[in-house]
Undergrad: 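Take a look at the following structure, please.
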2 protein chains.
Amino acid sequence: MSASKRDELVQKALDSFYRGGFHAIGMDRLAKETGVSKTAIYKHFRSKEDLILATLRLRDEQFRNWLYRRTEAATPDPRGRLLAIFDALADWFEEPGFKSCMFIKASSEYQNRDHPIHAMSAEHKKLLTRYFSGLAEAAGAPDPQGFARRLLLVKEGAIVMAHLAGPQLVVGDMKDAARALIDEALPQ
Amino acid sequence: MSASKRDELVQKALDSFYRGGFHAIGMDRLAKETGVSKTAIYKHFRSKEDLILATLRLRDEQFRNWLYRRTEAATPDPRGRLLAIFDALADWFEEPGFKSCMFIKASSEYQNRDHPIHAMSAEHKKLLTRYFSGLAEAAGAPDPQGFARRLLLVKEGAIVMAHLAGPQLVVGDMKDAARALIDEALPQ
DNA sequence: TTACACAATTACCGATCAGTCAACCATCTT
DNA sequence: AAGATGGTTGACTGATCGGTAATTGTGTAA
């Protein structure tokens, strides 16, 4: 299997797991949906867990790249970029295929904190927090780390609620809450 | 099976699902862990889904009763009660068995919004929002509903992050964020 | 003691789970 | 053209999935 074929497999597996859930999607079904036979899959991944970890790595990369691009395209101003994060999230919530966050769902199904899948999910959030705190620092926040963690709470809560109740009522509240935290933490 | 026996079964099933996940815990294992044979379980619940719904009903009742009691015991002041919500949550996060929110996990495994399990999870959050907005209204908030939804974002985000990263770094940030939203929305 | 009703258990159903294996087939080398 | 190689496949493993049916107690009334 070529490298591009492998990437394609991981991408398709990512879509399947995202739509269907990790336990609910079996390897047989995955083989059918990806068009790659089970044996061929196991040639490149020792176990289902390995494949899941690969999909999470890809998701982490794709999501953060997407978010970084969106915010950096919006404005050079770090404070504006912090606000732009939530415009990007709002667009995401309104995409037809939106079904919460891959990593929240992963940690829901693999609950033990020392499980590799759980640990990777935590790592994803850590990387996002770091991005937030970098922007906050550039914007002159006195406590960029704490602020970043607070802002992340709003982001994660909004994802959960957009999935549960739909994006309509969440998007506005999320932006309001984020703005309140930003106004409180950043010098005007 | 007596009514109390049935309640006991639902409580034990609740614990199993909470600890292990819905798809991951099979009916055979559940029978073993509850001490009730599979046939006896199916005497009272048509399907696994029915049993899950019963556990969620119980969880909703227990969680909201617990939260209401905690906040009402803290202070008669509605604004103080809003703050007390997050003291209660902090204690919850630090319990040894804490593993996120049953309903967030349920909606992670049953993702379709019209699935009964997903719908019941959404209902739980709706009831909590209603409680928040009632307190906010009593505290004289100009937009109690919007405020309640914003506050819920912090709560849900904190649950997710306490599960992913541990309670240590989350508890303080959660209280800070909640206080910021409360200060912004409520007349001093 | 016998007959009946009911509750719970064991054993089983087809389907699917994660994972493996022997056979196969296309391509490249000699 | 023969053989080797690497990738792919369908068929298969034992275990477990959600759910059911036949059977075995167990308690009560006559």
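Only a predicted model underlies this, so the values are computations on that prediction, with no experimental measurement involved. Sequence lines set the chain letters: A, B, ... in the order given, protein chains first and strands last, and positions in each chain run from 1.
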Undergrad: Tell me: CD1 of B:Ile52 to C1' of D:dG18, nearest whole Å?
TA: 11 Å
Undergrad: Let me have the donor-acceptor pairs involving side chains of residues 82-101 of chain B, under 3.5 Å, with sequence neighbours excluded, atom names and distances please.
TA:
residue	atom	partner	partner atom	Å
B:Asp87	OD1	B:Lys175	NZ	3.0
B:Asp91	OD2	B:Arg70	NH1	3.1
B:Asp91	OD2	B:Arg70	NH2	2.8

Undergrad: Please report the distance, rounded to the nearest Å, between CG in A:Asp50 and P in C:dA18.
TA: 14 Å
Undergrad: What integer distance in Å separates A:Ile25:CD1 from C:dC17:P?
TA: 9 Å
Undergrad: If you measure from the Lys or Arg side-chain nitrogens to the Asp or Glu carboxylate oxygens, is any gap between B:Arg179 and B:Asp176 under 4.0 Å?
TA: yes
Undergrad: CG of A:Leu51 versus P of C:dC17: gap in Å, rounded?
TA: 14 Å
Undergrad: Send over the distance from A:His44 NE2 to C:dG19 C1', rounded to a whole Å.
TA: 16 Å
Undergrad: Do the side chain of A:Ser16 and the main chain of A:Ala13 share a donor and acceptor less than 3.5 angstrom apart?
TA: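 No, the answer is negative, given that no donor and acceptor are paired below the 3.5 Å cut-off.
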Undergrad: Drop me the distance from A:Gln168's CD to A:Asp173's CG, to the nearest 0.5 angstrom.
TA: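 Result: 11.5 Å between the selected atoms.
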Undergrad: Using a cut-off of 4.0 Å on non-hydrogen atoms, how would the nucleic acid contact of A:Leu30 be classed: base, sugar-phosphate, or nothing?
TA: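 A:Leu30: no heavy atom of the nucleic acid under 4.0 Å.
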Undergrad: Write down the distance between CD1 (B:Ile41) and P (D:dC17), rounded to a whole number of angstrom.
TA: 12 Å
Undergrad: Going by atom types only, do A:Gln11 and A:Gln62 share a side-chain donor-acceptor pair under 3.5 Å?
TA: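 Judged by distance alone, the side chains do pair up.
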Undergrad: Roughly, in whole Å, what's the span from CZ in B:Arg29 to P in D:dG18?
TA: 11 Å
Undergrad: Taking only nitrogen or oxygen atoms into account, show me every contact under 3.5 Å that the protein makes with nucleotides 19-25 of chain D, one pair per line with its distance.
TA:
residue	atom	partner	partner atom	Å
D:dG19	OP2	B:Tyr42	OH	2.7
D:dG19	OP2	B:Lys48	N	2.8
D:dG19	N7	B:Lys38	NZ	2.8
D:dG19	O6	B:Lys38	NZ	2.1
D:dA21	N6	B:Thr39	OG1	2.9

Undergrad: By nearest nucleotide on DNA chain D, pick out whichever of B:Phe22 and A:Lys43 is the more 5' one.
TA: A:Lys43
Undergrad: Would A:Ser107 and A:Ser121 count as a side chain to side chain donor-acceptor pair (under 3.5 Å) here? Give the steps.
TA: CA-CA 7 Å; A:Ser107 67; A:Ser121 301; 5.4 Å; no
